[in-house]
Number of protein chains: 2
Amino acid sequence: MADDRFSVPYDPRVYPAVAVTVDVVTLTIRDGTLCVLLVQRGTPPHEGAWALPGGFVREDEDLPAAAIRELTEETGRALGRLHLEQLATYGVPGRDPRMRIISVAHLAFAPDLPDPIAGTDAMDAAWVPVASLGLPNTTSAAPVPAGTAVPVSAGGPAPLLQRSGASHRLAFDHTRIIADGLGRARSKLEYTPLATRFAGPEFTISELRAIYETVWDDRLHPGNFHRKVLSVPGFVESTGYTTDRGGHRGGPRARLYRAGNARLLHPALLRPNREESGP
Amino acid sequence: MADDRFSVPYDPRVYPAVAVTVDVVTLTIRDGTLCVLLVQRGTPPHEGAWALPGGFVREDEDLPAAAIRELTEETGRALGRLHLEQLATYGVPGRDPRMRIISVAHLAFAPDLPDPIAGTDAMDAAWVPVASLGLPNTTSAAPVPAGTAVPVSAGGPAPLLQRSGASHRLAFDHTRIIADGLGRARSKLEYTPLATRFAGPEFTISELRAIYETVWDDRLHPGNFHRKVLSVPGFVESTGYTTDRGGHRGGPRARLYRAGNARLLHPALLRPNREESGP
DNA sequence: AAAATAGTGTCTCTCAGACAATATGTC
DNA sequence: GACATATTGTCTGAGAGACACTATTTT
């Protein structure tokens, strides 16, 4: 049987020097725009460049704990309740010029939050619209599908990028990591109720639809979406209340819901317009 | 606010000593049974216990490359064409008694292959039925749902576990990793054509159905499955040939197919009998 | 009053699953 | 010949998407 001889002499130094970090792709929706939390690096390498919050995993610290710690450390404030899951691990040699670094990326969904504050090791921190990052197409996410009529607040506030003067080139392979995180998020909205994590504790069906439309960058039929959401068991549950007023531009008051207890959506809400066939 | 106790100038040696390993969950189907490739450890810790093939990532070695190297090293032969993808990363402090070890687990799908050979650091290597591992329920995977009528070769060869005299207790947290891998595999069969990776280059629809039935541990309706598979664009394509003979117990010759060029199945083949609702 | 939005009803088409039927093999 | 399997056909019900319609509220 297995012997757990801890007494075995073991010398870590015979193994290659590597470091393990965590990086966190935190997504939220601000003013109808999907944004990711970035920090401006205050130390080399890539000093001054924008990057995902992250850093070295400490001894005796679990990976999710490290992710949460880095998030609060580098943005100067607790981000409240959020969904956090592991995304993937990136370890291509040379991805960090200092040494071999294996980065365990995480994905977080957060409701709309106030502007972050630069913390340790960060010169600045900001919510940056993912559309401004020029991500490679994950689904149909062209850099900025401008003509397609982006939902909500057209002509709203200028991209935060401009306020921060950030470059579109992110540090390390973080552009790729964000693209992967966005792909995962889009997929997860289909078969989990995680869209509710982008909303506050109570929300209307229209607000929920706006979340889907923003993340999927697509228009959804209001009526069908409404009926569909209510038909999936455990997706949302009624609070019994309604909003105080109608929408900005008219319309009746909407009923308020909170997240239900389902962990998976049955049946799923499938994305529309998947490209048909291949060569 | 953030404390600046860690704004240390960079020096790799000040960061915790960690090692990074890869582990590989390789699944195949032998005699109608879903099996995972395990090796018997020849070195402490857990010497003599069965574990996933894996080991330390070398300098300047990419993660997938390390996974493939460990696979061939520890099983003494190249496993030919197989599908390999990253599964998840496990890093709970204490999961390895030696030191802090972060393990990047991978998942591989292989067609039926000959018995493996023990290689470096391994006393033995074998295909082990996952049903014998007492995995926690991932979907409806009770340790061994004996009464449910397991497809194919009932009363076939005894489990390899008995031949090898292996314990059901795997080393480290490998039971959990295998459970996660199995869950991923079950899910991937729904929306990707990866089931074909368990088959040879040419296969019949019945053989494909047997793969689904084995991985999902469920019975599928032959007629409906047949029509469904052929209706999904790019899932399979006809070779124009048929088998040389009918089945063991009769029946006409079956047409042979090869894997198509689709990377996703539209529409997906959903698992039957998902448990309805929750409390 | 005009316009926008919430919520419901209806129709059609696709698809999953149950069941049946026929042809073609093996033992 | 008895029986198993491959393949196709038919029917039913669930669900997605297109459209239409009513009620309610804001400007």
Side-chain angles (χ1 to χ4, degrees), chain A residues 32 149 151-154 190-191 202-210 212-213 216 218-233 235-236 238-257 265-274 276-277, chain B residues 32 149 151-154 190-191 202-210 212-213 216 218-233 235-236 238-257 265-274 276-277:
Chain A
V152 193
S153 71
E190 290 191 307
Y191 60 94
E202 298 188 354
F203 49 86
T204 67
I205 301 294
S206 290
E207 288 168 354
L208 187 62
R209 176 167 50 84
Y212 274 91
E213 291 183 331
W216 284 349
D218 208 343
R219 283 234 169 264
L220 301 176
H221 184 115
N224 290 340
F225 181 85
H226 195 107
R227 182 164 11 84
K228 171 76 184 178
V229 166
L230 296 185
S231 76
V232 177
F235 191 3
V236 299
S238 175
T239 64
Y241 299 97
T242 69
T243 52
D244 288 338
R245 349 174 334 118
H248 329 255
R249 288 168 289 197
R253 301 176 182 179
R255 290 197 264 254
L256 286 168
Y257 297 85
L265 302 184
H266 285 303
L269 282 95
L270 298 180
R271 266 173 286 188
N273 300 337
R274 294 275 200 117
E276 300 296 330
S277 74
Chain B
V152 193
S153 70
E190 290 190 308
Y191 60 93
E202 298 188 353
F203 49 86
T204 67
I205 301 293
S206 289
E207 288 167 355
L208 187 62
R209 176 167 51 84
Y212 274 91
E213 291 182 330
W216 284 349
D218 208 341
R219 282 235 169 265
L220 299 176
H221 188 286
N224 291 339
F225 181 85
H226 194 106
R227 182 164 12 85
K228 171 76 183 177
V229 166
L230 295 185
S231 77
V232 176
F235 191 2
V236 299
S238 176
T239 64
Y241 299 96
T242 68
T243 52
D244 288 336
R245 348 175 333 118
H248 329 256
R249 287 168 289 198
R253 300 176 182 180
R255 290 199 265 257
L256 285 169
Y257 297 85
L265 302 183
H266 286 302
L269 282 97
L270 298 179
R271 266 173 285 188
N273 299 338
R274 294 276 200 115
E276 299 297 330
S277 72

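Naming: A, B, ... by sequence-line order, numbering from 1 per chain.
Rounded to whole Å, the distance from CG on B:Asp218 to C1' on C:dG17 is 13 Å. A straight line from CG of A:Leu265 to C1' of D:dG15 spans 15 Å, rounded to a whole angstrom. As rounded to whole Å, 15 Å separates atom C1' of D:dT24 from atom CG of A:Asp244. One atom, CD of B:Glu213, and another, C1' of D:dT5, lie 13 Å apart when rounded to the nearest Å. As rounded to whole Å, 11 Å separates atom P of C:dA6 from atom OH of A:Tyr257. Whole-Å rounding puts the A:Tyr212 OH to D:dG17 P distance at 13 Å. For A:Arg255 and C:dT8, the CZ to C1' distance is 10 Å, given to the nearest whole Å. Counting to the nearest Å, the P atom of C:dA6 and the NE2 atom of A:His248 are 10 Å from each other.
Close to C:dG7, at under 4.0 Å from its OP1 or OP2, lies no side-chain N or O of A:Arg209.
Note that CD of B:Glu213 is 8.0 Å distant from CZ of B:Phe225, once rounded to the nearest 0.5 Å. Rounded to the nearest 0.5 Å, atoms NE2 (A:His266) and CG (B:Leu270) are 9.0 Å apart. Taken from NE2 in B:His221 to CZ in B:Arg227, the straight-line distance is 8.5 Å, to the nearest 0.5 Å. Atom NE2 of A:His226 is separated from atom OG1 of A:Thr204 by 9.5 Å, given to the nearest 0.5 angstrom. With values rounded to the nearest 0.5 angstrom, B:Leu208 atom CG is found 5.5 Å from B:Phe203 atom CZ.
Residues B:Pro272 and B:Asp218 share a closest heavy-atom pair of CG-OD2, 3.4 Å.
No side-chain heavy atom of B:Leu256 sits under 4.5 Å from any side-chain heavy atom of B:Thr242. The shortest side-chain heavy-atom distance between A:Tyr257 and A:Val229 does not fall under the 4.5 Å cut-off.
For B:Asn224, counting side-chain heavy atoms from C-beta on, the closest listed nucleotide (C:dC19, C:dT8, C:dA23) is C:dC19. Checked against C:dG7, D:dA4, D:dT7, the side chain of B:Arg249 finds its nearest nucleotide in D:dA4. The side chain of A:Arg245 lies closest to D:dT26, out of C:dC15, D:dA6, D:dT26. The side chain of A:His221 lies closest to D:dC19, out of C:dA6, D:dT8, D:dC19. Between C:dG7, D:dA6, D:dT7, one nucleotide has an atom nearer to the side chain of A:His226 than all others, and that is C:dG7.
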Note, DNA chain D 5' to 3' with Watson-Crick or G-U pairs under 3.5 Å encoded as ( ), [ ], | and . gives |||||||||||||||||||||||||||

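Donor-acceptor pairing under 3.5 Å, judged by distance alone, is absent between the side chain of A:Arg227 and the base of C:dG7.
Looking at heavy-atom distances under 4.0 Å, B:Ser206 makes contact with sugar-phosphate atoms alone, never a base. Note on B:Gly246: only backbone sugar-phosphate atoms sit closer than 4.0 angstrom, heavy atoms only; bases stay farther off.
If you find the closest nucleotide of DNA chain C to A:Gly247 and to A:Leu230, the one lying nearer the 5' end belongs to A:Gly247. Nearest-nucleotide positions on DNA chain C for B:Pro267 and B:Gly251 put B:Pro267 closer to the 5' end.
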